[in-house]
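Before I ask anything, here is the structure I am working with.
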Amino acid sequence: LLGVPALCSHGEQLRDLMYVEDVAAACIALLKSNVQGAVNIASGHSVKLKDVIYMISDQLGAIDLVRLGAISGSVNEPAELSADIARLRDEIYFKPSYDLKQGIAATIESALEDISKK
């Protein structure tokens with residue numbers, strides 16, 4: 001966003017990401033349901049962080065600023081974080097409104113609005 005290099009780790013980590021508005025909507029759907037017990041709120045799809053980094057940089061037209069491998073990953077960082085969303089999908093019948101690309105675009109738009117207000 002600021003036009004400076006993005007110093008990143010290798011980006012091979014797998015993460016289950018969901019746009020914040022979908023997280024909020026899933027929480028509301030869970031609260032309105034009769035479902036009890038643990039329910040994972042996530043997309044159910046893991047993606048490599050480097051793919052997310054490239055989606056962001058592509059939408060910003062700043063792929064040349066990405067520096068994969070410029071910093072070390074944490075030794076305690078798990079290689080993969082993913083969630084089983086069976087209860088969210090099958091008992092609450094929740095389906096996200098945003099895919100990853102749309103969520104990134106909305107996040108970028110919001111961040112650019114915040115920057116322009118300063």
Side-chain angles (χ1 to χ4, degrees):
L1 290 172
L2 301 176
V4 298
L7 306 180
C8 307
S9 69
H10 52 75
E12 294 294 326
Q13 309 92 321
L14 289 164
R15 297 294 181 264
D16 186 336
L17 304 172
M18 180 185 261
Y19 182 57
V20 66
E21 286 187 25
D22 282 332
V23 171
C27 288
I28 290 168
L30 175 59
L31 290 170
K32 289 182 176 181
S33 77
N34 293 324
V35 173
Q36 295 184 0
V39 176
N40 292 323
I41 296 183
S43 70
H45 305 285
S46 294
V47 62
K48 286 185 179 182
L49 286 183
K50 71 179 180 180
D51 294 337
V52 176
I53 291 164
Y54 282 126
M55 281 185 210
I56 294 166
S57 62
D58 183 51
Q59 289 188 30
L60 290 170
I63 291 176
D64 60 315
L65 294 175
V66 173
R67 305 290 189 271
L68 286 181
I71 60 173
S72 299
S74 172
V75 290
N76 297 324
E77 182 179 29
E80 181 174 359
L81 291 174
S82 58
D84 177 355
I85 62 160
R87 295 195 74 202
L88 181 66
R89 181 190 60 233
D90 301 338
E91 295 177 45
I92 299 172
Y93 307 108
F94 180 79
K95 184 178 179 192
S97 297
Y98 294 82
D99 65 19
L100 183 57
K101 190 173 183 179
Q102 292 168 322
I104 288 171
T107 302
I108 289 170
E109 183 179 332
S110 178
L112 289 173
E113 286 174 10
D114 287 347
I115 289 171
S116 70
K117 290 178 185 176
K118 292 181 180 180

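For the single chain, residues carry numbers from 1 onward in sequence order.
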Of all residues at least two apart in sequence or in a different chain, which pass the salt bridge (Lys or Arg N to Asp or Glu O under 4.0 Å) check with R67?
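R67 satisfies salt bridge (Lys or Arg N to Asp or Glu O under 4.0 Å) with no other residue.
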Measure the CZ-CD distance between R15 and E77 for me, rounded to the nearest 0.5 Å.
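Interatomic distance, R15 CZ to E77 CD, rounded to 0.5 Å: 4.5 Å.
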Testing the basics here: between L7 and A70, what is the closest heavy-atom pair and its distance to 0.1 Å?
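Nearest pair, atom of L7 first, then A70: CD2-CB, 3.9 Å.
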Residues two or more places apart in sequence or in another chain: which of them pass side chain to side chain donor-acceptor pair (under 3.5 Å) with E91?
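E91 satisfies side chain to side chain donor-acceptor pair (under 3.5 Å) with R87 only.
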Which atoms form the tightest heavy-atom contact between C8 and I53, and what is the distance?
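That closest heavy-atom pairing would be SG-CD1, 3.8 Å.
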If we ignore hydrogens and angles and just use 3.5 Å, is the side chain of Q13 paired with the main-chain N or O of G11 as donor and acceptor?
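Flag set: sc Q13 to bb G11 pair under 3.5 Å.
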Minimum-distance pair of heavy atoms, taken over all atoms of A111 and L1
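The answer is CB-CD1, 3.4 Å.
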Is L112 linked to L2 within one hydrophobic cluster, defined over Ile, Leu, Val, Met, Phe, Trp and Tyr using a side-chain heavy-atom separation of less than 4.5 Å?
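Yes.
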Where the side chain of D16 meets the backbone of A42, is there a donor-acceptor pair that is under 3.5 Å apart?
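Not a single qualifying donor-acceptor pair exists.
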For residues L88 and N40, determine if any side-chain heavy atom of one lies less than 4.5 Å from a side-chain heavy atom of the other.
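No. Closest side-chain heavy atoms not under 4.5 Å.
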Whether over 12 other heavy atoms sit under 6.0 Å from Q36 CD
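Result for CD/Q36: open.
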What about I104 and Y54, same hydrophobic cluster or not, with Ile/Leu/Val/Met/Phe/Trp/Tyr joined at side-chain heavy-atom distances under 4.5 Å?
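No, because I104 and Y54 fall into different hydrophobic clusters, even though each may have its own neighbours under 4.5 Å.
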Has T107 got a side-chain atom pairing as donor or acceptor with G103's backbone, closer than 3.5 angstrom?
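Yes.
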Check side chain to side chain donor-acceptor pair (under 3.5 Å) between K101 and all other residues, then give those that pass, not counting sequence neighbours.
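Side chain to side chain donor-acceptor pair (under 3.5 Å) check on K101 returns nothing, list empty.
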Taking atom CD1 of I28 and atom CD1 of I92, what is their separation to the nearest 0.5 Å?
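I28 CD1 to I92 CD1: 12.5 Å, rounded to 0.5 Å.
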If you look at every heavy atom in S82 and S46, which pair is closest and at what distance?
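Closest approach of S82 to S46, heavy atoms only: CB-OG, 2.9 Å.
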Heavy-atom closest pair, residues P96 and M18
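Minimum heavy-atom contact is CG-CE, 4.0 Å.
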hydrophobic_cluster_shared for V23 and L81, side chain cutoff 4.5 Å:
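Cluster IDs for L81 and V23 differ.
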Would a hydrophobic clustering, with Ile, Leu, Val, Met, Phe, Trp and Tyr connected at side-chain separations under 4.5 Å, put I56 with I63?
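Different hydrophobic clusters.
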Using side-chain heavy atoms (C-beta onward) and a distance below 4.5 Å, is E12 in contact with K50?
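Of all side-chain heavy-atom pairs linking K50 with E12, at least one is under 4.5 Å.
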If we check side-chain contact (heavy atoms from CB on, under 4.5 Å) with I108, which of these qualifies: Q59, M55, E113?
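Output: one option passes, namely Q59.
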Measure across A86 and D84 and return the closest heavy-atom pair with its distance rounded to 0.1 Å.
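Distance-wise, the nearest heavy atoms are N-OD1, 2.9 Å.
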Are F94 and V20 joined in one hydrophobic group, where the rule is that I, L, V, M, F, W and Y side chains link up if heavy atoms are under 4.5 Å apart?
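F94 and V20: separate clusters.
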Would you call C27 and I41 a side-chain contact if the rule is heavy atoms closer than 4.5 Å?
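Of all side-chain heavy-atom pairs linking I41 with C27, at least one is under 4.5 Å.
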